[in-house]
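Every chain is numbered from 1 and lettered A, B, ... according to where its sequence line falls, protein lines coming before strand lines. We use all heavy atoms of the structure for the numbers below, so side chains are in, but hydrogens, waters and symmetry mates are not.
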There are 4 protein chains.
Amino acid sequence: MSEPAPSPRQERRQRAARRLAAEGLRLMAARGIGGCSVAEITAAAGMGKGTFFTHFASKEAFAAFLVEEQLAELARRVGPLGLGPVDAETLLADLALAHLRFFQRDPQAAALLQQALALPAGGPVLPLVRARLREYLELLAAKLAPAGQALGWPGERAAELALAILSLGLGYAWLGQALDLGRDTPPELSERLGRALARGLAR
Amino acid sequence: MSEPAPSPRQERRQRAARRLAAEGLRLMAARGIGGCSVAEITAAAGMGKGTFFTHFASKEAFAAFLVEEQLAELARRVGPLGLGPVDAETLLADLALAHLRFFQRDPQAAALLQQALALPAGGPVLPLVRARLREYLELLAAKLAPAGQALGWPGERAAELALAILSLGLGYAWLGQALDLGRDTPPELSERLGRALARGLAR
Amino acid sequence: MSEPAPSPRQERRQRAARRLAAEGLRLMAARGIGGCSVAEITAAAGMGKGTFFTHFASKEAFAAFLVEEQLAELARRVGPLGLGPVDAETLLADLALAHLRFFQRDPQAAALLQQALALPAGGPVLPLVRARLREYLELLAAKLAPAGQALGWPGERAAELALAILSLGLGYAWLGQALDLGRDTPPELSERLGRALARGLAR
Amino acid sequence: MSEPAPSPRQERRQRAARRLAAEGLRLMAARGIGGCSVAEITAAAGMGKGTFFTHFASKEAFAAFLVEEQLAELARRVGPLGLGPVDAETLLADLALAHLRFFQRDPQAAALLQQALALPAGGPVLPLVRARLREYLELLAAKLAPAGQALGWPGERAAELALAILSLGLGYAWLGQALDLGRDTPPELSERLGRALARGLAR
DNA sequence: CATGAATGAGTTTTCATTCAT
DNA sequence: TATGAATGAAAACTCATTCAT
């Protein structure tokens with residue numbers, strides 16, 4: 001439908017772009033956005049340095065693209081939750097758990113987000129990352145608001161609830177990564193942790 | 001008391017070092033560790049660029065020093081908690097709340113920690129920061145372990161509990177900072193959030 | 001007449017080359033030879049980047065071609081002058097005036113020549129441009145020599161006379177362009193200027 | 001008076017700056033502004049690459065500085081002319097001659113100016129160079145205006161007269177340089193050329 | 001023949017660190 | 001001990017040119 005007929009040239013190019021994204025995510029998550037050079041990324045992706053800039057306008061634009069991709073993936077995972085009729089506590093627990101699991105299964109996403117938010121202020125990426133994260137938080141807050149209110153959490157403060165859920169998941173994953181902890185946390189403990197927040201808010 | 005007799009020379013030098021630490025913390029928290037130069041820090045502290053290196057071996061060592069300072073401060077705040085006889089749930093809640101409040105009241109600490117953990121792997125600082133954080137987590141875990149066990153959390157997994165408490169506080173603060181959210185969270189909501197985890201774990 | 005029978009293919013190609021020359025002249029004159037890229041020129045001419053190199057061996061060769069074209073055009077304008085019997089002063093004045101007018105009416109020619117002569121020494125173009133200009137100057141000097149001698153200017157120094165006439169016209173045009181001056185000089189002043197050199201040499 | 005006590009450090013630095021200016025002028029005049037790299041200039045001046053940027057904010061700022069220096073030198077040479085009481089024709093002739101000689105004796109100045117004016121539009125230097133040249137031309141025009149009017153040249157068009165005089169001198173020098181002509185022009189011919197414009201304008 | 005994706009040499013610029021004064 | 005001038009390694013980015021399609 002949308003792609004009429006990807007010529008072999010275009011397909012090869014697409015594959016190169018995907019290789020760039022994969023290797024870039026891997027390297028930036030592992031060594032930091034500022035800790036790996038474009039040359040390293042292209043070398044890992046098996047192409048010339050100059051090719052990078054035919055795909056992305058700048059290194060920062062590349063980082064921003066990766067961040068958007070990860071947030072989109074997170075939204076895709078979280079989106080379906082709470083569509084059916086569930087009680088408030090269960091919804092909160094499911095959302096908290098989903099975030100914990102997402103970042104635990106995709107530690108690169110956690111590392112990249114943390115890297116992107118640590119970018120020097122003044123650059124063009126940080127505002128973009130912030131905007132995307134804010135959008136995501138609003139989405140999450142909208143999902144949480146009714147459940148929160150049902151448990152006595154003020155509706156206009158749903159953003160703080162969303163922030164807490166995201167923080168726990170993201171923070172747990174990257175702190176765990178950085179400290180080499182929590183990688184072997186048994187699933188039932190993760191689950192208990194995820195549910196605890198919801199349960200505690202529900203009295 | 002322990003300091004024998006700080007000569008005027010030594011005292012002047014101490015003051016300079018304190019100025020460096022204060023301005024460095026401010027700048028690194030605001031603009032990122034890689035986003036501010038040694039020249040900027042020394043200029044803000046009112047001294048020559050070269051003087052910096054008579055106080056600290058390198059820029060990274062300086063960042064590590066600042067991190068240690070902040071972690072020491074955190075330990076100082078958290079240390080007294082739970083010394084008296086309190087029930088398990090209250091201890092957990094107090095600790096979670098203490099972390100939330102510490103990073104909310106001292107956002108520079110949160111920003112610096114997040115910056116330090118985002119430092120390029122391979123450098124000499126990251127391992128050091130990790131080691132200090134691990135030490136801190138062990139301390140916290142030791143404090144938490146009995147309470148956790150009382151609530152059915154396996155004692156040998158206390159580290160994960162500590163990680164969750166630290167993550168919530170640190171993540172909430174730096175994500176909130178980055179997104180300009182949670183700065184005006186009413187104290188009673190913060191408190192509710194802090195207690196929720198403990199309450200939920202306690203069933 | 002001399003062209004045997006331009007196949008439609010050949011004709012299309014010719015048109016493309018002419019478009020390249022026109023757009024290249026425009027862009028190089030406006031933004032400098034080093035200030036516009038091959039990609040810009042081909043985009044302006046409505047063709048692919050690669051096509052450029054099927055017409056010209058290199059960007060520099062292209063610039064050299066444009067210069068030759070402009071010098072040929074100048075020679076065409078100046079050539080007919082002095083063929084009839086005119087006195088020495090009038091010939092000098094006519095030639096000076098012709099140069100002033102040529103570059104005033106075709107500022108792109110002036111800009112291109114100035115750009116070409118500013119090309120980094122060491123490249124392959126500068127020698128070529130120099131050679132063409134020298135050829136042109138010799139042609140001009142040959143035309144000037146008898147008139148010069150009639151006014152007491154040594155015949156073997158006719159090149160200097162030609163240099164002065166060319167410099168006044170070219171310099172006036174490109175300095176005027178660069179400074180946005182002389183674009184609205186009334187024709188009678190231009191003419192007076194053009195004649196002045198001749199008149200002054202004639203005592 | 002102005003320099004209270006140049007410390008040996010500062011003096012050494014000053015000498016380095018002068019070496020940079022000299023070698024930069026030489027290389028940029030010979031090979032073009034874009035034709036020589038900062039690395040080449042600093043190497044020629046016997047210092048490290050980074051030192052360049054402690055003296056000048058950028059390569060372009062350096063080029064602008066050199067241009068200003070040369071124009072200031074030109075103004076210094078031309079300034080004293082016409083202060084005494086001389087007739088209009090003599091003043092014009094003296095000024096024309098002064099420009100011819102200045103650029104003939106200092107061909108690097110001619111080459112640098114021509115290079116600077118050939119800089120890609122859009123950069124920060126070209127506007128600066130244009131502004132300085134315009135200032136210089138206004139100065140020259142003010143000097144010329146009365147004499148011009150005495151010879152029937154409209155006072156409000158003195159700028160065009162200045163442009164012609166500057167063009168002849170600058171154009172003659174850099175075209176001569178580029179074509180390796182006019183380097184051995186006998187002084188009396190130069191002088192005759194310089195006077196011719198004035199004489200011709202005076203009838 | 002036309003195309004545009006791929007390439008890498010080459011450039012400017014930053015900045016932690018050294019060291020002579 | 002304090003200073004700031006000097007340094008060069010490292011990084012992002014541009015663009016003429018090549019070549020497979």
Side-chain angles (χ1 to χ4, degrees), chain A residues 7-14 16-17 34-43 46-62, chain B residues 9-10 12-13 16 34-43 46-62 123, chain C residues 9-10 12-13 16 34-43 46-62 123, chain D residues 7-14 16-17 34-43 46-62:
Chain A
S7 85
R9 290 275 282 281
Q10 286 303 321
E11 210 191 344
R12 195 182 118 84
R13 198 170 154 70
Q14 286 284 343
C36 64
S37 66
V38 171
E40 281 172 320
I41 295 170
T42 51
M47 65 187 71
K49 210 189 327 174
T51 310
F52 180 92
F53 295 94
T54 70
H55 288 275
F56 301 94
S58 66
K59 191 191 178 189
E60 298 226 308
F62 178 59
Chain B
R9 268 250 184 107
Q10 287 295 328
R12 205 180 107 81
R13 209 172 139 67
C36 64
S37 63
V38 171
E40 280 172 319
I41 296 168
T42 50
M47 64 188 72
K49 210 189 328 178
T51 312
F52 181 92
F53 294 92
T54 67
H55 287 274
F56 302 95
S58 70
K59 192 191 179 189
E60 298 222 311
F62 177 59
Chain C
R9 270 250 184 106
Q10 288 295 327
R12 206 180 106 81
R13 211 174 136 68
C36 64
S37 64
V38 171
E40 279 172 321
I41 295 169
T42 51
M47 65 187 72
K49 212 191 325 180
T51 313
F52 181 92
F53 295 92
T54 69
H55 288 275
F56 302 94
S58 70
K59 191 191 180 188
E60 298 222 311
F62 177 59
Chain D
S7 84
R9 289 276 282 279
Q10 286 301 322
E11 209 191 345
R12 194 181 119 84
R13 198 170 153 71
Q14 286 283 342
C36 64
S37 66
V38 171
E40 282 172 320
I41 296 170
T42 50
M47 64 187 72
K49 211 186 327 174
T51 311
F52 180 92
F53 295 93
T54 68
H55 288 276
F56 301 95
S58 67
K59 191 191 178 189
E60 299 225 308
F62 178 59

Inset, instruction - Whole angstrom is fine here: how far is it from CZ in Arg12(B) over to C1' in dA2(F)? - result: 8 Å
Inset, instruction - State, to 0.1 Å, how close Ile41(B) and Cys36(B) come at their nearest heavy-atom pair, and which atoms those are. - result: CD1-SG, 4.0 Å
Inset, instruction - Could I get the full list of side-chain hydrogen bond (donor to acceptor under 3.5 Å, both in side chains) partners for Thr54(D), not counting sequence neighbours? - result: Arg13(D)
Legend entry - Atom-to-atom span, NZ of Lys59(A) to P of dC13(F) - whole angstrom: 9 Å
Legend entry - Shortest non-hydrogen separation from Ala61(A) to Ala57(A) and the atoms involved: CB-N, 4.4 Å
Legend entry - Closest non-hydrogen atom pair, Lys59(D) against Gly34(D): NZ-CA, 4.1 Å
Inset, instruction - Considering only heavy atoms of chain C and a distance under 4.0 Å, specify the first and last nucleotide of DNA chain E in 5' to 3' order that meet this criterion. - result: dA2(E) to dA6(E)
Inset, instruction - Considering non-hydrogen atoms only, spot the tightest contact between Gly35(B) and Glu40(B) and give its length. - result: O-OE1, 4.0 Å
Strictly under 3.5 Å: I want the nitrogen or oxygen pairs between protein and nucleotides 8-10 of chain F, one per line.
| from | atom 1 | to | atom 2 | distance (Å) |
| --- | --- | --- | --- | --- |
| dG8(F) | N7 | Gly50(D) | N | 3.1 |

Legend entry - Under the ring-ring contact (aromatic ring centres under 6.0 Å, His included) test, residues paired with Phe53(C) that sit two or more places apart: none
Legend entry - For Thr51(D) against Met47(D), the heavy-atom pair lying closest together: CG2-SD, 3.8 Å
Legend entry - Closest-nucleotide ordering on DNA chain F, the 5'-leading residue of Thr54(D) and Cys36(A): Thr54(D)
Inset, instruction - Taking the side chain as every heavy atom from C-beta outward, state whether Val38(B) and Phe62(B) have any pair of such atoms under 4.5 Å apart. - result: no
Legend entry - Whole-Å distance separating the CZ atom of Phe52(A) from the C1' atom of dT14(F): 14 Å
Legend entry - Whole angstrom value for the distance that separates P of dC13(F) from NE2 of His55(A): 16 Å
Legend entry - Under the side chain to side chain contact (heavy atoms under 4.5 Å, CB included) test, residues paired with Ala39(D) that sit two or more places apart: Ser37(D), Lys49(D)
Inset, instruction - Rounded off to whole Å, could you give me the CZ-to-P distance for the Arg9(D) and dA2(F) pair? - result: 16 Å
Inset, instruction - Nearest whole angstrom, please: distance from the P of dA11(F) to the CD of Glu60(A). - result: 15 Å
Inset, instruction - On DNA chain E, check which nucleotide each of Val38(B) and Ser37(D) is closest to and give me the residue with the more 5' one. - result: Ser37(D)
Legend entry - Secondary-structure string, 5' to 3', Watson-Crick or G-U under 3.5 Å, | for another-strand partners, for DNA chain F: .||||||||||||||||||||
